[in-house]
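Model, not experiment: these values are computed from the prediction. Counting starts at 1 for both ligands and their atoms, following the listed order.
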Amino acid sequence: MSKPIKGACLCGRVRYQVSGPFDAFYLCHCSQCRRSTGSAHAANIFTTVDRLEWLAGEELIKRYMPDEPGVISKCFCSHCGSLVPYTSIKSGRLIIPAGSLSEPPGIDPQHNIYWSDRADWYDAGLTAKRTPQDPDD
Ligand SMILES: [Zn+2]
Ligand SMILES: [Zn+2]
């Protein structure tokens, strides 16, 4: 196992560390992931559950359990709502939301999955003007 890397939610109450190397890194453009994240896609790193250690705030983590089968689950900090790592019910693998990591994971995204389901505006976003900060500030 490599040196653990740290991660946290937005408010910082939930903190964890996870050891690589990681098995896979997918950007998922499916409609469920877009809705669940409120963004263009989920950015998920996959590994095994034994690689994760909670450092703080584990008691604040809530799990959304879907009412219907086939709908994705997720775990989040109940104080700030940020996605945090969780174990997939279907596969039993650990899923780490890449955006919650505080350090580079040492793996790049390998696949854009559910590519044909991507948001109508996704491609335009890739070529939109790039600015160092919010242009309205
Ligand atoms: Zn939080
Ligand atoms: Zn998805």
Tell me the angle that SG of Cys28 and SG of Cys30 form around the Zn ion (ligand 2), rounded to 10°.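 Value, to the nearest 10 degrees: 120°.
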Heavy atoms, side chains only, cut-off 4.5 Å: are Ser100 and Pro97 in contact?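 A side-chain contact exists here, since the closest heavy-atom pair is under 4.5 Å.
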Backbone N/O of Ser36 and side chain of Lys74: donor-acceptor pair under 3.5 Å: yes
Please check: side-chain N/O of Arg34 versus main-chain N/O of His29, any donor-acceptor pairing under 3.5 Å? yes
Qualifying residue for side chain to side chain contact (heavy atoms under 4.5 Å, CB included) with Cys77, from Val14, Leu83, Ile61: Val14
Would you say the Zn ion (ligand 1) has Cys77 as a near neighbour, meaning an N/O/S atom of that residue under 2.8 Å away?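 It does: Cys77 brings an N, O or S atom closer than 2.8 Å to the Zn ion (ligand 1).
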To 10°, measure the SG(Cys9)-the Zn ion (ligand 1)-SG(Cys11) angle for me. 100°
